[in-house]
Amino acid sequence: MVLAATQDDVIQTVRACGRHGVPFVARGSGTSLSGGSLPVADGVVIALSRLNRILSLDPVQRTAVVEPGVINLDVSKAAAPHGLYFAPDPSSQLICTIGGNVAFNSGGAHCLKYGMTANHVLGIRAVLADGEVVQLGGASLEGVGPDLTGLFVGCEGMFGVALEITLRLMPRPELYRTVLAAYHSLEAAGNAVSQVVASGMLPGALEIMDNLAIQAAEAAVHAGYPLDAAGLLIVELEGERIQVEAEFAALIKLIESTGPYEVRVAKDDADRARIWKGRKSAFSAVGRLSPDYIVQDGVVPRSRLGEALATIQRLSGEYGLRVANVFHAGDGNLHPLILYNGRNAGEYDRAEELAAQIMEMCIRLGGSITGEHGVGVEKRRYMPVLFSPVDLEVMAEVRRAMDPDELANRGKVLPAGDAPSLASHQPHPLEKAGIITRE
Amino acid sequence: MTATLDLLIVDSIAGVQEAVAEGGRLLPRGGGTKPATGAPPGAAAMLDLKRLTGILEYEPGEYVFTALAGTPLAEIQAELATHGQYLPFDPPLVEAGATLGGTIAAGLSGSGRQRYGGLRDFLIGARFVDGQGRLVRSGGKVVKNAAGFDLHKLLIGSLGRLAVLVEASFKVFPQPPAYATLRLQPASIEAALALMARLGAAKFDLEAIDIVANDAGNPHLLLRLGGLETTLLARMNAMSEWIGRGEILRGDEEARLWRETREFGWLPNHWQLAKAPVTPEQIPALERWLAARGAATRYISAGNLAWIGWPGGWEELSEGLRTLRLGAVTIVGTPGSLWLGTPGNMAMIARMKQALDPAGHFLDFAA
């Protein structure tokens, strides 16, 4: 384990690993939900948490240059005095690092409108796995030549290690308006999403929670959610005050026509913060209902959400395991939580089988196996279902163009991987301690 | 597949694979609206993709469509418009006949990119044929996806030199139902940039922030708002008041202004056009150099991109950009000088070329 204090420490470590053929894994806060930062047997872990300086922040160009160990939320904090913020907001943003966000192309609750991490990274200085230090992209929103920065984001640490990242900052909206609608069925909440989308509005966030998730979140943080709702919809609009007020009036009218039994509008910032706190703590809160659980991250086309939820419900019954649903309805990113007790013989295997069924359903419906958590080790075996052998071969070739000896985070993403990584199926230790929460 | 000496016309993905397998040196071509990115005479056979056309999937409720590479942007925009949607990155040369594939390969976004982002922010997946004739897919058809390496990002700005893009999937958005533009005439480019910097901290959700340099004396600063018809005028008045002056454009006049921008209608006949990524702080020095040589330049997206209308030869512009430590790609004009000034990371690009087209079936970036 190398605790890097400077960028040069990282470069020298990567080069030393290259000289001796030793695999390495770069690590930020280690919050990956796909096992993406698990160490490799007989390999080196390069810890980047001390590389946590915000090197510059330009309010006119609206960019910040940061080191990989900077915490996600700290970028927004530093930008706040200038009326700016960093848009990607994974639920772990209190603790996850920008380096990790870059490696996994992290998401959050606002991806439909604002995109994922890749949309907010303009430039990267990195040390490639073969020891070469490269500059990709720069400070401009535009570029010339292939979008190398875009390719590097989401490489899950398999091309090299980012040393300096140029982030795009966004102006903080003048006004947020948030509404909560409670429905007697999950399907009705899903239908409301379709209607909001069809109306031509572009909400910053569209989130749904099912009853199990509501119960858990309410018990944990007292967000004031209606406890008897079968489906809870959160919609948020943001932007210029005049425009948002007009759109919000139309939104409320529309939502009232979708048959909710209760509609609640956030009265002020504190009220809005409460609503979001409940939503963002739902993962860990659900975890309290069960000693063990598996989190999934599949994506389905938005129009197939109803079908997907019905299938999950059916599978839950068939396998005799509870499944809680919290998801980003706006972008079709599901987060089913499969609850099980690892002490009961065979229950873990059943949970894994159920998880596999959900994954295959996502692919069948035209979606993806991961919306924001990445492939890591966890979803590696589904890659051949989603991609053809040729697709995977070319991905491996592009990887080897930067890492000929396959030293960087080996054993992740690509199914025909090399040395196996260690594996973990338990909640993250920090999660158990209540320090981090999940999306 | 129809073949003459230097032209191959294909109408299927299999046809593209066959053409690549044939082994000659190829350069894919769509609408031919960006001639400077083409091949110099005799350098490569043209792989014409205009017949590889059509929208394959479009679900308005998903905000996603998939189309073949040769599909004209005009066709896509017309289809999106019937559902009140649009391409938020505002690609140029739509009426001139630009295709989806050509726009991706050239990496071009227009003034409207200011609001939600550029082409790279909306391309969510693609299929392409690499230099070995293999059909490869990356990304997907959903708006959020973190599975596998995003190889399709490499196709953006690849100018047909890495692979042949055959199909692409994009995220789209509902289009603002109405637009209005505030036109200001600051005393100098520096004054325009200062106004722009003030706007950066303001609360206006602008669709476009363009500076038109050298336009009959004072530069023009164009600020475009879009949104509900019922609130647009109130928003425009609020912005005009905040800035303290300006002329409000609406209706046909406003639409014409942005159409002319999108189609490069402002570029004089026989002039050349280059795209240079910039930052606001680089603009004063660049503009001084360009204005002294009679160039006509538009700085779009809050000073992040310069469209350089150039009356002379590429060599002089390239030299000037090099001294300013800027790079550019040539768009309209004579082929053969793809990149000007300080190019991007050539070593990295060479690595990608080696991975996707080791035998060199497509043109080099140098040509």
Side-chain angles (χ1 to χ4, degrees), chain A residues 59-62 82-83 104-105 107 111-112 115-116 119 134-136 139-148 150-151 154-155 174 194 197-198 200 202 239-240 242-243 246 299 301-303 331-333 366-375 383 386-387 390-391 394-395 397-398 401-402, chain B residues 59 61-62 84 107 117-118 120-121 130 134-138 140-151 153-154 156-158 162 173-174 197 200-201 203-205 227-228 230-231 234-235 238 275 277-281 301 304-305 327-329 339 343-345 348-349 351-352 354-355:
Chain A
V60 174
Q61 175 59 18
R62 292 184 192 165
H82 307 285
F104 287 86
N105 196 7
C111 293
L112 173 64
M116 304 167 62
N119 305 89
V134 296
Q135 175 65 46
L136 315 173
S140 175
L141 292 172
E142 282 285 332
V144 162
D147 182 8
L148 299 166
L151 175 71
C155 74
E174 183 179 18
S194 304
V197 167
L202 186 56
E240 273 179 60
I242 304 172
Q243 167 99 350
V299 184
R302 201 188 303 105
S303 57
D331 48 37
N333 190 188
S368 173
I369 55 175
T370 170
E372 55 190 358
H373 298 172
V375 177
M383 288 291 277
L386 191 60
F387 292 106
V390 169
D391 302 338
V394 176
M395 284 182 197
E397 284 167 15
V398 168
M402 284 167 277
Chain B
E59 280 286 337
E62 293 297 335
R120 74 189 291 257
D121 300 310
D130 77 353
R134 297 179 293 186
L135 180 62
V136 186
R137 188 170 70 83
S138 71
K141 295 173 180 175
V142 282
V143 300
K144 194 174 183 183
N145 187 3
F149 305 143
D150 284 346
L151 303 180
K153 298 286 173 72
L154 279 177
I156 301 172
S158 66
L162 285 181
F173 279 161
K203 301 298 179 188
F204 306 111
D205 296 329
L228 299 174
T230 47
T231 60
R235 291 169 63 206
K275 166 196 158 173
V278 293
T279 61
E281 63 175 13
S301 200
N304 277 275
L305 189 166
V329 57
W339 286 334
N345 192 326
M348 269 300 278
I349 292 168
R351 284 185 194 231
M352 295 301 110
Q354 186 59 33

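Treat the numbers as computed from the prediction; the structure is a model and nothing was measured. In what follows, chains are A, B, ... by sequence order, proteins preceding strands, each numbered from 1.
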Contact part of A/Ser194 toward chain B, heavy-atom cut-off under 4.5 Å: side chain, backbone, both or neither?
neither
Are B/Phe149 and A/Val398 side-chain neighbours, meaning at least one heavy-atom pair lies under 4.5 Å?
no
B/Lys275 (side chain) donor-acceptor with A/Gly143 (main chain) under 3.5 angstrom
yes
Kindly determine whether A/Glu142 and B/Arg120 satisfy side chain to side chain contact (heavy atoms under 4.5 Å, CB included), including the steps that lead there.
CA-CA 9 Å; A/Glu142 282 285 332; B/Arg120 74 189 291 257; over 6 Å; no
What's the separation between atom OG1 in B/Thr279 and atom CG in A/Leu141, rounded to the nearest 0.5 Å?
10.0 Å
Tell me, out of B/Val136, B/Thr231, B/Leu151, B/Asp121, who's got the most heavy-atom pairs with chain A below 4.5 Å.
B/Asp121
Partner chain A: residue of B/Val143, B/Asp130, B/Leu154 with the largest heavy-atom pair count (under 4.5 Å)
B/Leu154
Which atom pair, heavy atoms only, marks the closest approach of A/Glu397 to B/Ala355?
OE1-O, 3.9 Å
Looking at CG of A/Leu151 and NZ of B/Lys153, how far apart are the two atoms once the value is rounded to the nearest 0.5 Å?
8.5 Å
Please determine whether side chain to side chain contact (heavy atoms under 4.5 Å, CB included) holds for the pair B/Asp205 and A/Gln243, giving the CA-CA distance in whole Å, both sets of side-chain angles, and the decisive distance to 0.1 Å.
CA-CA 10 Å; B/Asp205 296 329; A/Gln243 167 99 350; over 6 Å; no
Can you tell me which of B/Ser158, B/Gly140, B/Gly118, B/Ala147 forms the most heavy-atom pairs within a distance under 4.5 Å of chain A?
B/Ala147
Relative to chain B, which of A/Gly374, A/Ala401, A/Gly332, A/Ala139 shows the most heavy atom pairs under 4.5 Å?
A/Ala401
Among A/Val197, A/Val390, A/Val60, A/Val134, which residue forms the greatest number of heavy-atom pairs with chain B at distances under 4.5 Å?
A/Val197
Heavy-atom proximity to chain A below 4.5 Å, by part of B/Gln354:
neither
Relative to chain A, which segment of B/Leu162 carries a heavy atom at a distance below 4.5 Å: side chain, backbone, both, or neither?
side chain
For the candidates A/Gly145, A/Cys155, A/Ala246, A/Gly83, which exhibits the highest count of non-hydrogen atom pairs separated by less than 4.5 Å from chain B?
A/Gly145
Chain A shares the most heavy-atom pairs under 4.5 Å, among B/Met348, B/Glu62, B/Lys203, B/Lys141, with B/Glu62
Please state whether the side chain, the backbone, both or neither of A/Arg302 comes within less than 4.5 Å of a heavy atom of chain B.
both
Can you say whether A/Met383 sits under 4.5 Å from chain B via the side chain, the backbone, both, or neither, judging by heavy atoms?
side chain
Report the option among B/Glu59, B/Arg137, B/Arg134, B/Glu281 that has the most heavy-atom pairs separated by less than 4.5 Å from atoms of chain A.
B/Arg137
Considering all heavy atoms, the nearest B/Asn145-A/Ser368 contact:
OD1-OG, 2.5 Å
Let me know if A/Ala198 has heavy atoms under 4.5 Å from chain B in its side chain, its backbone, both or neither.
neither
Is B/Asn345 reaching over with its side chain to a backbone N or O of A/Leu136, donor-acceptor style, under 3.5 angstrom?
no
Supply the atom-to-atom distance A/Ile242 CD1 to B/Thr230 OG1, rounded to the nearest 0.5 angstrom.
10.5 Å
Heavy-atom distance under 4.5 Å to chain A: side chain of B/Phe204, backbone, both or neither?
both
Using a 3.5 Å distance criterion without hydrogens, assess whether the side chain of A/Asp331 forms a donor-acceptor pair with backbone atoms of B/Lys144.
no
Is B/Val278 close to chain A through its backbone or its side chain, or both, or neither, when contacts mean heavy atoms under 4.5 Å?
backbone
Correct closest heavy-atom pair for B/Phe173 and A/Leu112 would be CZ-O, 3.2 Å
As an exercise: rank A/Asn105, A/Ile369, A/Val299 by heavy-atom pairs under 4.5 Å with chain B and give me the winner.
A/Val299
Which one of A/Leu148, A/Val375, A/Asn119, A/Leu386 has the most heavy-atom pairs closer than 4.5 Å to chain B?
A/Asn119
A/Pro301 versus chain B, the contacting section by heavy-atom distance below 4.5 Å:
both
For chain A, which of B/Ala146, B/Gly107, B/Pro174 has the most heavy-atom pairs under 4.5 Å?
B/Ala146
Beyond-backbone contact of A/Gln61 with B/Asn304, side-chain heavy atoms, under 4.5 angstrom
yes
Is there a side-chain contact between A/Ser140 and B/Leu305 in this structure, where contact means two heavy atoms from C-beta onward sitting under 4.5 Å apart?
no
